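Because the structure is a prediction, the values reported are computed rather than measured. By convention in this document, chain letters (A, B, ...) are assigned in the order of the sequence lines, proteins followed by strands, and residues within each chain are numbered from 1.
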Amino acid sequence: MSRSQENMRLTDYFLPVLKEVPKEAEIVSHRLMLRAGMVRQQAAGLYAWLPLGYKVLRKIQAIIEEEQARAGAVEMLMPTLQSADLWRESGRYDDYGKEMLRITDRHDRDLLFGPTNEEMITDIFRSFVHSYKQLPLNLYHIQWKFRDEIRPRFGTMRSREFLMKDAYSFDLDKDRAEEAYRRMFVAYLRTYYRMGLTAIPMQAETGPIGGDLSHEFIVLADTGESGVFCHRDLLDKPIPPRDTDYKGDLSPIVKDWTSLYAATEDMIDMERFEREVPEDKRIAARGIEVGQIFYFGTKYSKVMGASVMGPDGKEAFVHSGSYGIGLTRLVPAIIEACHDDDGIVWPVSVAPFEVALLNLKVSDAQCSSVCEDLYAGLQKAGLDVLYDDRQDGAGAKFASADLIGIPYQLVVGPRGAKAGEVEIKNRKSGERTTLPLDRAIQTLKDWIEPERRDRI
RNA sequence: CGGAGUAUAGCGCAGUCUGGUAGCGUACCAUGUUCGGAACGUGGGGGUCGCAGGUUCGAAUCCUGCUACUCCGACCA
């Protein structure tokens, strides 16, 4: 599993930071994403991902892929456009409503821009899988979806076009399908934790996708769109470790996480909440939904004829679930959870760069030569570094490094360069450490590597 | 989809009421002095004033229509 290493000199990069906030931006994550030059709105609910934002998106994607693989899901890629016929089979072509973008091609064939992929994956499954021996199977892809929201808002939090990971599990019966559900449940806990988020699974409505077992994963944030109620201890529950045996029984973990009451406002049973959660443990807050998992049984396999031969020689419709994570929503969700007055404060694991090397005086030969050596050394040490080699003054460099939220700033000024000293600033704590030049790289390495959360 | 707004330089805004050569800040280019928290001086470039019609000698400004975007509500990964 390789990390994306894309070191960069700022003078070669494309980072259009804004001093002023475009007036359309309402919530803090949207404002910061625009100011940090991460995205640009191209139309209502449609965003171009600029290099810095795209880099974060790819780091998020890499974490999701690692954890999906760990849980046994297999990655593939399905097209964005789908045939209407497939959706007529499931009956959803008429049910889905105006949220689904319908398209006609030159031959007058009805197409749609996929809002989700249950039909297509079921079609693929039924074409190739005919035996229980090929189960369990969990296929997923990370692909752009389109839902023609009545009112897109909050930047990429609720955009019309959005990038989503959607996984689909196939099992012989309900018990095995619930095992698949638990594998995704555990994978999700790990996925969000690795991104520096505290996400709480909550009972959820199953919505238009249908089914009878579902959890939403919610990150607490004041700007969240849904009201949530839960037990405080859920915030500190231990995350299942990387060596969790996904082939083993995961129900103790799921039971532990679901034993404490947690529900969104749509599902809340106030009486039960007050009965089960002691007053000092009650949290009533707002949250952002960053994922949802469903078990929906044979809902699609029946109507679309996806069945396998069982060990008993009988043909059975497969039991399925679907498991979504909105990547383009996760980016603002992380920012909502991780920012201060000066800008974004990225967790190391999703930061576009791990270190910002700030050359405070490019015109000073010694200062620049020290920076060049550090830049080469940091790359060699496997750190993801952005070198601010612009001609600007120190203040501008501090301000933009703070704004774009790089976790560590390695600050090199002419005075320090002469004395053989550099300074490291921790973006989150604001703490500054002055240390000898020759210890800078190793120190950063020692601080950063554990924070990547890729060994937990 | 109901309600409310906005549209003038990349971004933030003034100018519109009361029609008369389109402005400010910032960003950008050149240049000099600066250089540890978004430096300063001097000079410079950039706008069919959202679009289409109309009124008028003359429209950013008045009138009509359209479009786009934003906010509040109902809906949602």
CG (Asp222(A)) with more than 12 external heavy atoms under 6.0 Å: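 Result for CG/Asp222(A): open.
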Searching all strands shown, indicate the nucleotide that pairs with [N] (Watson-Crick or G-U wobble; both distances under 3.5 Å).
{"N": "rG32(B)", "result": "rC40(B)"}
{"N": "rU55(B)", "result": "none"}
{"N": "rG46(B)", "result": "none"}
{"N": "rU21(B)", "result": "none"}
{"N": "rU6(B)", "result": "rA68(B)"}
{"N": "rA14(B)", "result": "none"}
{"N": "rC75(B)", "result": "none"}

Show the nearest heavy-atom pair for residues Asn138(A) and Met184(A), with the distance to one decimal.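 Closest approach of Asn138(A) to Met184(A): ND2-CE, 3.5 Å.
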Reading RNA chain B from 5' onward, which residue's closest nucleotide shows up sooner: Lys361(A) or Thr156(A)?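 Counting from the 5' end, the first nearest nucleotide belongs to Lys361(A).
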Does Glu99(A) or Ser363(A) map to a spot on RNA chain B nearer the 5' end, using the closest nucleotide for each?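 Comparing both residues, the 5'-ward one is Ser363(A).
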Separation of the [atom1] atoms in [N] and [M], to the nearest angstrom:
{"N": "rC66(B)", "M": "rA14(B)", "atom1": "C1'", "value": "27 Å"}
{"N": "rC63(B)", "M": "rU18(B)", "atom1": "P", "value": "10 Å"}
{"N": "rU48(B)", "M": "rU8(B)", "atom1": "C1'", "value": "12 Å"}
{"N": "rC51(B)", "M": "rU42(B)", "atom1": "P", "value": "35 Å"}
{"N": "rU6(B)", "M": "rU33(B)", "atom1": "C1'", "value": "43 Å"}
{"N": "rA68(B)", "M": "rC49(B)", "atom1": "C1'", "value": "16 Å"}
{"N": "rU26(B)", "M": "rA39(B)", "atom1": "C1'", "value": "14 Å"}
{"N": "rC1(B)", "M": "rG12(B)", "atom1": "P", "value": "28 Å"}

Spatial distance of atom CG (Leu112(A)) from atom OG (Ser83(A)) [nearest 0.5 Å]: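 Leu112(A) CG to Ser83(A) OG: 7.5 Å, rounded to 0.5 Å.
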Reckon [X] has a side-chain N or O less than 4.0 Å from the OP1 or OP2 of [N]?
{"X": "Gln41(A)", "N": "rU70(B)", "result": "yes"}
{"X": "Arg151(A)", "N": "rG2(B)", "result": "no"}
{"X": "Lys19(A)", "N": "rA27(B)", "result": "yes"}

Without decimals, in angstroms, what is the distance between [X] [atom1] and [N] [atom2]?
{"X": "Glu26(A)", "N": "rC69(B)", "atom1": "CD", "atom2": "P", "result": "17 Å"}
{"X": "Leu403(A)", "N": "rC11(B)", "atom1": "CG", "atom2": "P", "result": "17 Å"}
{"X": "Lys418(A)", "N": "rC35(B)", "atom1": "NZ", "atom2": "P", "result": "14 Å"}
{"X": "Lys23(A)", "N": "rG25(B)", "atom1": "NZ", "atom2": "C1'", "result": "16 Å"}
{"X": "Arg153(A)", "N": "rC75(B)", "atom1": "CZ", "atom2": "C1'", "result": "9 Å"}
{"X": "Arg31(A)", "N": "rG12(B)", "atom1": "CZ", "atom2": "P", "result": "13 Å"}
{"X": "Glu149(A)", "N": "rC69(B)", "atom1": "CD", "atom2": "P", "result": "15 Å"}
{"X": "Leu360(A)", "N": "rU34(B)", "atom1": "CG", "atom2": "P", "result": "18 Å"}

Asp402(A) and Gln409(A): side-chain donor and acceptor closer than 3.5 Å?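 There is such a pair (donor and acceptor under 3.5 Å, judged by atom type) between the side chains of Asp402(A) and Gln409(A).
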Contacts of Trp447(A) that satisfy ring pair (Phe, Tyr, Trp, His ring centres under 6.0 Å) - sequence neighbours left out: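 Only Tyr408(A) meet the ring pair (Phe, Tyr, Trp, His ring centres under 6.0 Å) criterion with Trp447(A).
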Establish, yes or no, whether a centroid distance under 6.0 Å links the rings of Tyr300(A) and Phe125(A).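 No; Phe125(A) has its ring centre 6.0 Å or more from that of Tyr300(A).
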Is the distance between the ring centroids of Tyr188(A) and Phe217(A) under 6.0 Å?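 For Phe217(A) and Tyr188(A), the ring centres are under 6.0 Å apart.
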Touch class at under 4.0 angstrom, heavy-atom based, for [X] against every strand present:
{"X": "Lys165(A)", "answer": "nothing"}
{"X": "Asp402(A)", "answer": "base"}
{"X": "Lys145(A)", "answer": "nothing"}
{"X": "Ser226(A)", "answer": "nothing"}
{"X": "Ala399(A)", "answer": "base"}
{"X": "Val21(A)", "answer": "sugar-phosphate"}
{"X": "Gly413(A)", "answer": "base"}

Nucleotide nearest [X] (side chain, heavy atoms from C-beta), chosen from [options]:
{"X": "Arg35(A)", "options": "rA74(B), rA38(B), rA7(B)", "result": "rA38(B)"}
{"X": "Ala44(A)", "options": "rG36(B), rC69(B), rC1(B)", "result": "rC69(B)"}
{"X": "Glu20(A)", "options": "rC11(B), rG36(B), rA38(B)", "result": "rC11(B)"}

Listed by chain and number, what are the salt bridge (Lys or Arg N to Asp or Glu O under 4.0 Å) partners of Glu161(A), not counting sequence neighbours?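 Partners of Glu161(A) by the salt bridge (Lys or Arg N to Asp or Glu O under 4.0 Å) criterion come out as none, since no residue qualifies.
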